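Keep in mind that the numbers below use all heavy atoms, side chains included, and drop hydrogens, waters and symmetry copies. Protein chains get the first letters and strands the later ones, always in sequence-line order, with residue 1 at the start of each. Because the structure is predicted, anything quoted here is derived from the model rather than measured.
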Number of protein chains: 2
Amino acid sequence: MNSFTEENYLKAIFKLSLGSNKDVSTNAIAEQLDTRASSVTDMIKKLSDKKLVKHVKYKGVSLTGSGKKIAVSIVRSHRLWEVFLAEKLHFKWDEVHEFAEELEHIKSDELTERLDAFLGFPKHDPHGDPIPDKEGNINRHKDITVANLKLNEKGVIVGVKDHSKSYLKYLERLDLILGTEIEVKDVVDFDLSITLSVNETFSVSISNQASKNLIVKKLK
Amino acid sequence: MNSFTEENYLKAIFKLSLGSNKDVSTNAIAEQLDTRASSVTDMIKKLSDKKLVKHVKYKGVSLTGSGKKIAVSIVRSHRLWEVFLAEKLHFKWDEVHEFAEELEHIKSDELTERLDAFLGFPKHDPHGDPIPDKEGNINRHKDITVANLKLNEKGVIVGVKDHSKSYLKYLERLDLILGTEIEVKDVVDFDLSITLSVNETFSVSISNQASKNLIVKKLK
DNA sequence: AACATTTTTTAGACTTGTCTAAAAAATGTT
DNA sequence: AACATTTTTTAGACAAGTCTAAAAAATGTT
Ligand SMILES: [Mn+2]
Ligand SMILES: [Mn+2]
Ligand SMILES: [Mn+2]
Ligand SMILES: [Mn+2]
């Protein structure tokens with residue numbers, strides 16, 4: 001069995017390897033987990049002994065097959081619990097993550113599968129992130145953001161790239177929640193801020209920083 | 001904040017103080033938590049520094065007001081999670097305890113209250129144990145067991161005193177589950193084994209060991 | 001290629017919770 | 001009351017995970 005701490009390292013390495021297929025650096029992990037590089041080196045040694053990561057000294061680290069399997073199963077459990085907390089216990093989307101960080105470590109395949117069934121096999125968590133299936137397959141949506149949309153193009157909000165409480169609360173205040181339909185009405189070339197029409201009911205202007213973290217599915 | 005370990009000690013002391021109001025012994029705690037007396041002494045020192053227990057050297061330990069409050073809130077959370085696991089995820093009553101041992105430590109009053117509401121404010125857990133209310137009040141049912149019933153007396157099963165997997169599975173196999181109506185049809189004076197009529201449909205014979213762990217509400 | 005900066009690893013220490021072995025106190029027995 | 005047994009505490013050690021400070025390796029710059 002792996003400790004909570006080991007699981008959190010595996011999850012961090014998994015997150016940092018998404019997208020690029022380069023090895024993950026010690027410092028990146030340290031920052032992700034808010035710890036020191038020396039602590040990371042120690043833990044990498046341990047995970048390496050357990051064959052959960054591959055490590056070349058001074059070069060970087062990557063997950064092995066079994067390491068990745070564990071990481072994905074934790075992500076799956078995390079996101080299912082987030083769905084439970086949001087849909088069943090009516091927590092807001094900026095509140096679910098902290099609880100899920102703890103719930104995810106209650107490891108039992110049986111528990112996860114039953115939770116999945118109870119929730120009706122959801123495909124996405126409250127932030128639009130895909131829930132890996134039992135076999136660990138993940139359907140990532142392509143990262144088209146509001147910032148990528150051109151004038152007069154339409155989209156539906158399907159996710160966020162920034163998961164911070166402040167960003168999520170800000171979006172909720174503007175009704176920019178999952179499923180919302182938006183249309184680009186104006187782009188200011190000076191600072192790339194964008195004015196959106198929301199659900200064809202009202203307009204709102206958001207910064208480039210905000211628009212490039214809001215994932216959409218383009219509507220024809 | 002208290003660690004999982006500290007919480008488990010508080011819970012153990014709470015359980016051991018139920019019924020009798022004598023102080024709890026170091027050895028009793030060690031046995032309950034499957035650890036050594038010396039470890040218990042160490043932890044008692046720590047909990048005592050935090051004013052969660054009162055300790056007189058060589059005499060024994062008891063919970064303070066705040067220690068008891070924490071212990072009860074963990075019991076509340078534990079039993080609510082057990083209800084969730086049994087009713088919503090359809091785990092059997094001999095399977096829920098282990099998961100609840102982990103879930104109970106996800107401490108957040110808000111989470112507990114929402115879970116309580118989601119479950120419809122249950123009064124008892126899947127083993128018939130009372131769920132403490134938000135203020136920590138517990139409605140213990142009085143301990144009348146099948147062994148206390150006289151010939152031809154009737155009762156409804158409302159709880160168990162032994163929570164072991166083997167006992168719970170055994171009872172389930174005999175359909176001696178919560179809510180079942182039973183009537184004492186025969187008592188063997190040699191070994192105190194009892195023959196029961198179950199739900200007025202069939203008969204079964206159980207040992208004294210089994211009958212004195214099965215809590216009933218007597219029916220007139 | 002030589003020097004400067006950044007990144008990573010090592011060395012050694014600290015905290016939490018555990019253990020064994022031994023000492024001290026309490027309890028039981030004659 | 002004296003001795004034996006049991007219970008509890010103390011002393012000292014260990015594993016997990018963390019930290020700071022310093023050494024080693026890699027990378028960047030002239
Ligand atoms: Mn999350
Ligand atoms: Mn999420
Ligand atoms: Mn239980
Ligand atoms: Mn129970």
Go ahead and write out DNA chain D as dot-bracket, 5' to 3': ( ) for pairs within the strand, [ ] for ones crossing earlier pairs, | when the partner sits on another strand, dots for unpaired; Watson-Crick or G-U wobble, both distances under 3.5 Å.
||||||||||||||||||||||||||||||
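Counting to the nearest Å, the P atom of D:dT27 and the NZ atom of A:Lys22 are 12 Å from each other. Computed from coordinates, the A:Leu33 CG to D:dC19 P distance equals 10 Å when rounded to whole Å. If you take CD of A:Glu31 and C1' of C:dT6, they are 15 Å apart, rounded to a whole angstrom. Between the CZ atom of A:Arg36 and the C1' atom of C:dC14 there is a distance of 15 Å, given to the nearest Å. Distance A:Glu7 CD to D:dA16 P: 16 Å, rounded to the nearest Å. Between the CG atom of B:Asp34 and the P atom of C:dT18 there is a distance of 11 Å, given to the nearest Å. The nearest whole Å value for the distance from the CZ atom in B:Phe4 to the P atom in C:dT15 is 23 Å.
When each of D:dT18, C:dC19, D:dT20 is scored by its nearest atom to the side-chain atoms of A:Thr35, the top-ranked nucleotide is D:dT18.
Contact check for A:Val158 versus A:Leu178: no side-chain heavy atoms found under the 4.5 Å cut-off. Considering only heavy atoms from C-beta on, B:Leu196 stays 4.5 Å or farther from B:Leu174 through its side chain.
Relative orientation of the B:Trp81 and A:Trp81 rings is perpendicular, given thresholds of 30° and 60° on the angle between their planes. Note on ring orientation: taking the six-membered ring where Trp is involved, the planes of A:Phe4 and B:Phe4 are perpendicular (angle over 60°, cut-offs 30° and 60°).
Note on B:Asp109 versus B:Lys107: salt bridge recorded, some NZ/NE/NH1/NH2 to OD/OE distance being below 4.0 Å.
Taking only side-chain nitrogens and oxygens, B:Tyr9 never comes nearer than 4.0 Å to OP1 or OP2 of C:dT16.
Within 6.0 Å of CD on B:Glu110 lie more than 12 heavy atoms contributed by other residues, nucleotides or ligands.
Aromatic ring centroids of A:His163 and A:His97 lie 6.0 Å or more apart.
No option in A:Arg79, A:Lys11, A:Arg76 other than A:Lys11 meets the side-chain hydrogen bond (donor to acceptor under 3.5 Å, both in side chains) test with A:Glu104.
Under the side chain to side chain donor-acceptor pair (under 3.5 Å) criterion, no residue pair touches residues 14-34 of chain A, with sequence neighbours excluded.
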Mind listing the N/O atom pairs, protein and nucleotides 8-13 of chain C, below 3.5 Å?
residue: C:dT8; atom: OP2; partner: A:Asn27; partner atom: N; Å: 2.9
residue: C:dT8; atom: OP2; partner: A:Asn27; partner atom: ND2; Å: 3.3
residue: C:dT9; atom: OP1; partner: A:His55; partner atom: NE2; Å: 2.7
residue: C:dT9; atom: OP1; partner: A:Tyr58; partner atom: N; Å: 3.1
residue: C:dT9; atom: OP2; partner: A:Thr26; partner atom: OG1; Å: 3.0
residue: C:dT9; atom: OP2; partner: A:Thr41; partner atom: OG1; Å: 3.1
residue: C:dT10; atom: OP1; partner: A:Lys57; partner atom: NZ; Å: 2.6
residue: C:dT10; atom: OP2; partner: A:Lys45; partner atom: NZ; Å: 3.0

